[in-house]
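All chains are named by letter (A, B, ...) in the order of the sequence lines, taking the proteins before the strands, and each is independently numbered beginning at 1. Here the structure is a predicted model, which means the values were calculated and not measured.
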Amino acid sequence: MNNPGDGKDKKPSLNFIEAMIERDLKEGRVKEIITRFPPEPNGYLHIGHAKAINLNFSLAEKYNGKCNLRFDDTNPVAEEDEYVQAIKEDIRWLGYEWSGEYFASDYFDRLYEWAVMLIKKGKAYVDDQTAEEIAATRGTPTRPGKESPWRNRSVEENLRLLEGMKNGEFEEGSKVLRAKIDMASPNMHLRDPAMYRIRKVSHHRTGNKWNIYPMYDFAHGQSDYIEGVTHSLCTLEFEVHRPLYDWFLDQILEDPEGYRPRQTEFARLNLNYTVMSKRKLLQLVEEGHVSGWDDPRMPTISGMRRRGYTAAAIRTFSERVGIAKRNNIIDISLLEHCVREDLNKISQRVFAVLDPIKVIITNFPVGEEEEMMAVNNPENPEAGRRPIMFGRELYIEREDFMEDPPKKFFRLGPGRMVRLKYAYIVKCIDYKKDEQGRVQELHCEYIPESRSGSDTSDIKVKGTIHWLPAKHVRTAEIRMYDRLFNNEDPAGHKDRDFKEFLNPDSLRVVENALIEEQFVDAGPLEHFQFERKGYFNVDPDSTPEKPVFNLTVTLRDAWAKIKGK
RNA sequence: UGUCCCAUGGUGUAACUGGCAACACGUCUGAUUUUGGUUCAGAAGAGUCUAGGUUCGAGCCCUAGUGGGACAACCA
């Protein structure tokens with residue numbers, strides 16, 4: 001591992017984008033790598049964006065280049081500053097710092113000049129057809145479209161009309177500026193695509209300055225060009241846009257042999273048991289199926305942060321899913337593995353009992369207590385130890401007792417013994433039930449010689465369970481989360497709405513869980529491992545009076561597998 | 001009745017200018033363990049979609065087929 005002179009270490013394998021970059025560098029096509037992450041500020045970032053963020057930023061880092069943040073804000077209808085702020089916060093939280101912060105809207109003047117230039121070159125025209133007419137004459141992927149009757153207006157008329165569009169002289173939808181390319185192209189995007197549409201709405205940055213706004217295709221490549229982006233990485237669905245990306249660049253390039261940005265596509269991230277489109281996530285928020293964009297069940301960065309995922313875990317995950325061009329559906333277990341891996345190293349251990357039953361240690365003196373020492377994090381000795389008081393009355397987890405346990409059940413049952421972690425071995429001698437037949441109380445005897453650390457009893461027990469002293473507990477609300485959908489691919493059914501697959505049990509609130517008293521005032525987002533249960537963190541709703549914890553992910557559970565068989 | 005992209009264990013990604021298919025997750029054993037966690041040791045699981053071709057040799061190259069995906073917003 002730490003022996004590089006080994007000779008056995010393989011060359012780290014490159015993904016196809018890294019291979020391309022190394023080729024470009026080696027062959028002198030570019031001297032420095034510049035990438036960019038280009039979100040549209042119309043929603044919150046999700047785990048799929050994290051993959052793109054990680055790709056762009058880590059590439060820049062690896063090759064000593066730069067990665068910019070550029071907001072693709074060409075459509076003011078859905079875009080808001082709220083989203084700009086949230087996106088920046090999420091990227092920073094993930095641990096990345098961008099070189100330049102740009103907005104496509106910063107380039108509106110420049111883009112307009114280019115549009116004028118295209119008209120002068122006879123490469124663009126104002127079309128008076130309605131959106132419906134344009135759609136109807138575009139043809140289909142297998143049939144060519146028809147040319148617009150306005151396609152051959154004079155340069156002067158086009159110039160005057162575009163100016164009029166800009167000045168707000170025409171109604172929304174009455175005119176559009178189109179590139180004059182080829183209505184018979186087998187690529188639909190080359191059939192005279194729209195460059196500008198009229199939108200008399202206020203823009204989150206340019207206010208009411210503009211009555212027309214550029215389309216994505218007329219803005220993206222040029223924005224890359226202005227910023228000096230060398231590698232413009234995007235997802236597979238933009239593959240068919242690439243010829244258009246290149247076409248616009250060809251029109252504006254002063255030196256056709258010089259610098260030009262290149263678009264390269266990779267497969268977006270798909271995760272099973274969830275949905276990843278902003279539209280669908282927005283729907284979940286607006287229809288109240290979740291509490292907001294940061295609901296801990298959401299695959300959004302803000303949701304996952306609230307759920308207790310760490311930035312390190314998300315970055316590791318983004319790394320491990322790899323980069324390729326083939327469509328994929330990543331198993332959620334990989335994500336869960338990444339969080340557990342990180343949380344195991346950093347989490348403070350705590351005893352918490354979610355569904356308590358009382359235990360009376362019948363041979364322990366009434367009113368006495370004994371201080372035991374618990375390890376804070378076995379993975380990190382420096383985390384130290386903490387005291388926990390052992391007394392006559394305790395609580396244990398209801399599921400750690402069975403009236404008639406099977407042989408493989410290594411916990412408590414009539415006559416059985418377990419180790420109470422960091423304390424004594426106890427033996428169950430009796431139990432009481434209430435009128436409904438529910439187990440209510442356990443009577444146990446402890447083995448005085450079995451004290452943790454100085455055990456001379458020579459008794460071997462198979463099980464060790466956690467517990468809480470009845471006199472030193474506080475109640476807490478614990479929100480137990482499960483997957484939001486109970487179908488692997490909720491959005492993958494043509495005939496069924498994805499919301500039909502919503503998991504009705506995705507949130508279970510445990511109102512009166514018990515927790516060691518010293519942790520009730522933990523700060524928001526602090527991570528814990530509730531021993532034998534899972535990783536939890538403090539929800540922002542939490543107060544010292546009413547602590548609230550979120551289940552991030554359970555521990556791996558071998559017993560659950562045995563039990564399930 | 002089009003154009004383009006993709007095709008490797010269950011999942012995801014590797015295999016550098018062709019040379020015995022590797023890694024991770026998951027699964028299953030076993031050991032250790034005062035968390036049925038962690039850790040450790042090990043196993044099973046693909047002969048690389050199909051058919052041709054080139055080659056001494058093909059997962060890598062070529063052709064065709066099959067399967068999957070993308071494209072017909074004045075969205076990005």
Side-chain angles (χ1 to χ4, degrees), chain A residues 10-15 19 38-40 42 72-75 77-79 127 129-131 134-136 138-145 172-178 185-191 193-199 212-213 215-217 219-220 234-243 265 267 272 278-279 320-338 340-341 344-345 349 351 375 378-379 408-411 418-423 425 452-453 455 461-466 529-534 554-563:
Chain A
K10 282 189 192 152
K11 215 183 271 184
S13 65
L14 305 175
N15 62 49
E40 182 189 11
N42 69 343
D72 228 328
D73 55 351
T74 57
N75 181 13
V77 177
E79 295 157 4
D127 195 343
Q129 294 183 107
T130 63
I134 289 176
R138 195 184 301 283
T140 70
T142 56
R143 277 186 200 291
E172 279 190 17
S174 65
K175 286 182 168 43
V176 63
L177 182 72
R178 289 229 257 171
S185 171
N187 183 334
M188 299 290 292
H189 295 278
L190 261 21
R191 320 242 265 228
M195 293 166 59
Y196 271 101
R197 74 292 217 181
I198 302 172
R199 283 283 177 281
I212 57 173
Y213 292 94
M215 301 292 293
Y216 164 85
D217 287 304
H220 205 93
C234 62
T235 45
L236 252 27
E237 65 272 27
F238 290 98
E239 204 150 24
V240 280
H241 291 244
R242 182 156 26 102
E265 311 84 14
N272 58 11
K278 271 198 238 176
R279 208 200 95 243
R320 291 192 190 164
V321 295
I323 301 293
K325 297 194 75 159
R326 115 177 79 153
N327 298 310
N328 59 75
I329 301 180
I330 308 291
D331 198 309
I332 188 82
S333 66
L334 178 61
L335 215 209
E336 294 182 338
H337 171 263
C338 292
R340 289 192 183 107
E341 186 179 51
N344 177 49
K345 287 185 297 194
R349 268 58 171 177
F351 281 175
V375 172
E379 307 297 318
K408 299 260 239 180
F409 187 77
F410 303 146
R411 309 175 193 178
V418 284
R419 155 82 59 188
L420 294 179
K421 193 167 185 179
Y422 302 129
I425 291 174
S452 197
D455 186 348
V461 291
K462 294 279 272 185
T464 300
I465 64 173
H466 63 288
Q529 185 200 95
F530 290 173
E531 293 215 33
R532 303 207 305 132
K533 290 281 153 198
T554 60
L555 254 26
R556 289 184 68 214
D557 189 353
W559 168 243
K561 281 181 193 164
I562 297 167
K563 202 168 55 173

Starting the side chain at C-beta, find the nucleotide from B:A70, B:U11, B:U35 nearest to A:V240.
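Comparing B:A70, B:U11, B:U35 against the side chain of A:V240, the answer is B:A70.
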Could you check which of B:A70, B:G37, B:U27 has an atom nearest any side-chain atom of A:L555?
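In terms of side-chain proximity for A:L555, the closest of B:A70, B:G37, B:U27 is B:G37.
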So, does the side chain of A:H241 form a donor-acceptor pair with the base of B:A76 at under 3.5 Å?
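Flag set: donor-acceptor pair detected.
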Could you check whether the side chain of A:E239 and the base of B:G69 have a donor-acceptor pair of N or O atoms closer than 3.5 Å, going by distance alone?
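Looking at the base of B:G69, it does not pair with any donor or acceptor on the side chain of A:E239 (distance under 3.5 Å).
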Can a side chain N or O of [X] be found less than 4.0 Å away from OP1 or OP2 on [N]?
X: A:R556; N: B:U27; value: yes
X: A:R532; N: B:G36; value: yes
X: A:H337; N: B:C25; value: yes
X: A:R349; N: B:G37; value: no
X: A:R138; N: B:C74; value: yes
X: A:R242; N: B:U3; value: no
X: A:K561; N: B:C28; value: yes
X: A:T142; N: B:U3; value: no

Separation of [N] [atom2] from [X] [atom1] (nearest whole Å):
X: A:R340; N: B:U35; atom1: CZ; atom2: P; value: 18 Å
X: A:I562; N: B:U27; atom1: CD1; atom2: P; value: 13 Å
X: A:H189; N: B:C75; atom1: NE2; atom2: C1'; value: 12 Å
X: A:Y216; N: B:C74; atom1: OH; atom2: P; value: 16 Å
X: A:L334; N: B:U11; atom1: CG; atom2: P; value: 14 Å
X: A:M215; N: B:A73; atom1: CE; atom2: P; value: 10 Å
X: A:I330; N: B:U13; atom1: CD1; atom2: P; value: 6 Å
X: A:K462; N: B:U33; atom1: NZ; atom2: C1'; value: 12 Å

Looking at every strand, decide which applies to [X] at a 4.0 Å heavy-atom threshold: base, sugar-phosphate, or nothing.
X: A:R178; answer: nothing
X: A:T74; answer: sugar-phosphate
X: A:Y196; answer: nothing
X: A:P38; answer: nothing
X: A:Q529; answer: base
X: A:A324; answer: sugar-phosphate
X: A:E341; answer: nothing
X: A:N15; answer: sugar-phosphate
X: A:L420; answer: nothing

Step by step, work out the side-chain contact (heavy atoms from CB on, under 4.5 Å) result for A:E379 and A:R349.
CA-CA 10 Å; A:E379 307 297 318; A:R349 268 58 171 177; 4.0 Å; yes
Between [M] and [N] - [atom1] atom distance, rounded Å:
N: B:G26; M: B:A73; atom1: P; value: 43 Å
N: B:A72; M: B:C16; atom1: P; value: 37 Å
N: B:U63; M: B:U54; atom1: C1'; value: 11 Å
N: B:C74; M: B:U11; atom1: C1'; value: 41 Å
N: B:U48; M: B:A21; atom1: C1'; value: 8 Å
N: B:G18; M: B:A24; atom1: C1'; value: 27 Å
N: B:G19; M: B:G57; atom1: P; value: 14 Å
N: B:C49; M: B:U66; atom1: C1'; value: 7 Å

Applying the Watson-Crick and G-U wobble criteria at under 3.5 Å, what pairs with B:C75? Answer none if nothing qualifies.
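Across all strands, not a single nucleotide pairs with B:C75.
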Complementary nucleotide of B:C23, counting Watson-Crick and G-U pairs under 3.5 Å:
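Pairing partner: B:G12.
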Donor-acceptor contact present, side-chain A:R532 to main-chain A:L555, <3.5 Å:
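No, because the side chain of A:R532 does not come within donor-acceptor range (under 3.5 Å) of the backbone of A:L555.
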Going by atom types alone, do A:D331 and A:S333 pair a side-chain donor with an acceptor below 3.5 Å?
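Yes.
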Taking atom CG of A:N75 and atom CZ of A:R199, what is their separation to the nearest 0.5 Å?
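One gets 6.5 Å once the value is rounded to the nearest 0.5 Å.
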